[in-house]
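Only heavy atoms go into these numbers, but all of them, side chains included; no hydrogens, no water, no symmetry mates. Start at 1 and go down the list; that is how both ligands and their atoms are numbered. Not measured: the values here are computed from a predicted model.
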Amino acid sequence: MLDKLAERIATLEESATLQMAALVRELKAKGEDIIDLTLGEPDFDTPIHIKEAAKSAIDMGFTKYTPVPGYLDLRKAIVEKIKRDNHLTYTNDQIVVSTGAKQSIANTVLSLINPGDEVIIPAPYWVSYSAITHLAEGKVVKVSANIENDFKITPAQLEEVITPKSKLFIFSSPCNPTGAVYTMAELEALAVVFRKHPSIIILSDEIYEYINFIGVHVSIATLTDMYDRTVIVNGFSKGFAMTGWRLGYIAAPLWISKACTKMQGQFTSGTCSIAQKAGETAMTGDMQPTKDMCAAYQKRRDIVYELLKKIAGVKTNLPTGAFYFFPDISSFFGRTDGQSIIKNSNDMSMYLLSDAKVSTVSGDAFGDDNCIRFSYATSEEKLRMAMSRIEQSLSKLK
Ligand code: PMP
Ligand code: GLU
């Protein structure tokens, strides 16, 4: 039967993050004591005022199909948010609300990429950028950033991979999986290169905007000449702890927002009415819960960083945003626990799952096989225990 499937699904990579999450769920159901650091998902509940808004949306009858790009009131609230936080002006038509930022990315890539177009993606990258590019039959051009440069690419590296076929550049800042945050100066240095190549569109994934420990979030769209060629992707999952609500959006040049609306009109239509009304309250309401969550992540980041630095053989950057560590564990490659040899990041992730009972995601899914990713969006107690278990398991590798 498998040979009856379309090539596009047969060759599609399964989301490594979701695959590991499913495996962990299965093991936990069997009673295994796993500390789950797999998914990038806030452990906090959605703030109460947002939940209340959803409840009253149901009572008020917001239960019908919605306009394809989202309720006008929500799009207006997003326009105001972007003005307030990012100092950028958009019209309501430039905003398209989708079923999660993941769909926003898919809409954008499928709307822009023809077979053979090149999509430049700095690695480490979030798993779905490459998979969605492959679905669109685009060619992924990977630019590897190294840990010594805080996993950020340099302008020279960008310049080197640009060809006449380069169509799109996709990156996240704050970054999943590395936690790296590009400063204004670093973005400006990349913008200097982009100005020489005006046909390249930039997809700037800013979903971790509010989980930023350096205090300033800069959107590349604010830099000279970048607005008309940047698609900002953002969403509610991380900053407002709303992963299950499935709500994300783009702010884009009108020709792209129109294309994405057309695309979405044939795939999903407008996203859930109730989630949209909740999102409107998130955009306009009290930001204190978001600030409190960010402070908690920063405290956990500090705790984990101190513990991780002490583990022999592990190399890490200091993440300045998001809620992930992406340590380099390649010094263990070739070593063994007496049963099997650790040859790559997948072996390491599976070893830590079976020996330390700590779940991580292998780095190769993020374009860097020297590393593994773990999320620290969980309690301090679990994080301390996880680091101690990892240290013990790694010390057994000879
Ligand atoms: N971009 C990045 C960098 C992410 O980590 C995620 C994962 N949640 C998404 C986009 C998609 O988010 P969602 O679909 O939940 O809005
Ligand atoms: N973005 C999250 C992560 O990287 C959620 C999983 C997913 O959507 O792939 O873990």
key: Minimum heavy-atom distance between Pro42 and Ala377, given as atom pair plus value   = CA-CB, 4.1 Å
request  = Considering the heavy atoms of Arg246, write down every atom of ligand 1 situated less than 4.0 Å from one of them.
outcome  = 13 (P), 14 (O), 15 (O)
task = Check each atom of ligand 2 against the heavy atoms of Trp126 and keep those under 4.0 Å away; list them by number with element.
result = 1 (N), 3 (C), 4 (O), 7 (C), 8 (O), 9 (O)
ask   = Going by distance only, is there an N or O of Ala101 that falls short of 3.5 Å from an N or O of ligand 1?
value = yes
message = I need the contact type for Phe236 against ligand 1. Using non-hydrogen atoms and a strict under-4.0 Å cut-off, is it side chain, backbone, both or neither?
response = neither
inquiry  = Less than 4.0 Å is my threshold; does some heavy atom of Glu41 fall inside it relative to ligand 2?
reply    = no
query = Got an N/O contact under 3.5 Å between Thr38 and ligand 2?
reply = no
note = For Tyr129, the ligand 1 atoms with a heavy-atom partner under 4.0 Å come out as 3 (C)
Which of the ligand 2 atoms, numbered from 1, are nearer than 4.0 Å to a heavy atom of Leu39 = 5 (C), 6 (C), 10 (O)
ask   = Got the closest protein heavy atom to atom 8 (O) of ligand 2, with its distance?
value = Lys102 NZ, 3.1 Å
message = For a side-chain contact (heavy atoms from CB on, under 4.5 Å) check, start with the C-alpha distance between Ile250 and Asn107, then their side-chain angles and the critical distance, and finish with the verdict.
response = CA-CA 10 Å; Ile250 57 164; Asn107 283 342; over 6 Å; no
key: Geometric class of the Tyr376/Phe323 ring pair [parallel <30°, tilted 30-60°, perpendicular >60°]   = perpendicular
task = Report the part of Leu18 (side chain from C-beta onward, or backbone N, CA, C, O) that has a heavy atom under 4.0 Å from ligand 2; answer both or neither where that applies.
result = side chain
ask   = Are any of the N/O atoms in Tyr208 less than 3.5 Å from those in ligand 2?
value = no
task = Pull out every atom of ligand 1 sitting under 4.0 Å from any heavy atom of Gly100, numbered as shown with elements.
result = 14 (O), 16 (O)
key: Min heavy-atom dist Gln19 to ligand 2 below 4.0 Å   = no
request  = Given side-chain contact (heavy atoms from CB on, under 4.5 Å), test Thr133 with Ile170 step by step and report yes or no.
outcome  = CA-CA 10 Å; Thr133 300; Ile170 308 182; 4.3 Å; yes
inquiry  = Looking at ligand 2, is there an atom of it that comes within less than 4.0 Å of some heavy atom belonging to Ser15?
reply    = yes
key: Step-by-step side-chain contact (heavy atoms from CB on, under 4.5 Å) determination, Val361 to Tyr324   = CA-CA 11 Å; Val361 186; Tyr324 306 101; over 6 Å; no
Gly40 N/O under 3.5 Å from ligand 2 N/O = yes
message = For the CD1 atom of Ile120 and the NZ atom of Lys165, what is their distance to the nearest 0.5 Å?
response = 13.5 Å
key: Distance-only N or O hit between ligand 1 and Asn176, under 3.5 Å   = yes
ask   = Any N or O on Ser237 sitting closer than 3.5 Å to an N or O of ligand 1?
value = yes
ask   = Quick one: are the ring centres of Phe236 and Tyr210 less than 6.0 Å apart?
value = no
key: Shortest protein contact, atom 2 (C) of ligand 2 (heavy atom only)   = Lys238 NZ, 3.5 Å
ask   = For atom NZ of Lys309, is the number of surrounding heavy atoms from other residues, nucleotides or ligands below 6.0 Å larger than 12?
value = yes
Nearest-0.5 Å distance, CD1 of residue Ile390 to CG of residue Asp355 = 11.0 Å
query = Which of parallel (below 30°), tilted (30 to 60°) and perpendicular (above 60°) describes Trp126 and Tyr129?
reply = perpendicular
query = Which residue supplies the protein heavy atom nearest to atom 3 (C) of ligand 1, what is that atom called, and how far is it?
reply = Asp205 OD2, 3.3 Å
query = Is a side-chain donor-acceptor pair under 3.5 Å present for Ser379 with Glu381?
reply = no
remark   = protein heavy-atom neighbour closest to atom 7 (C) of ligand 2 works out as Thr17 OG1, 3.5 Å
key: Protein heavy atom at shortest distance from atom 12 (O) of ligand 1   = Ile207 CD1, 3.4 Å
ask   = Which distance, rounded to the nearest 0.5 Å, do you find between the OG1 of Thr183 and the CD1 of Ile214?
value = 7.0 Å
query = How many angstroms lie between CD in Gln298 and CG in Asn212, if you round to the nearest 0.5 Å?
reply = 9.0 Å
query = Does a donor on one side chain and an acceptor on the other come within less than 3.5 Å for Ser273 and Thr66?
reply = no
ask   = In terms of side-chain heavy atoms, does Tyr297 have a donor or acceptor partner in Tyr208 at a distance below 3.5 Å?
value = no
ask   = Is there any N or O on Thr243 that sits under 3.5 Å from an N or O of ligand 1?
value = no
query = If hydrogens are left out, which of Tyr125, Trp126, Tyr324, Trp245 has an atom nearest to atom 10 (C) of ligand 1, that is, the closest non-hydrogen atom?
reply = Trp126
task = Between Val361 and ligand 2, find which residue part has any heavy-atom pair under 4.0 Å and reply side chain, backbone, both or neither.
result = neither
message = Suppose we measure from atom 7 (C) of ligand 1 to each protein heavy atom; which comes out shortest, and what is that distance?
response = Lys238 NZ, 3.1 Å
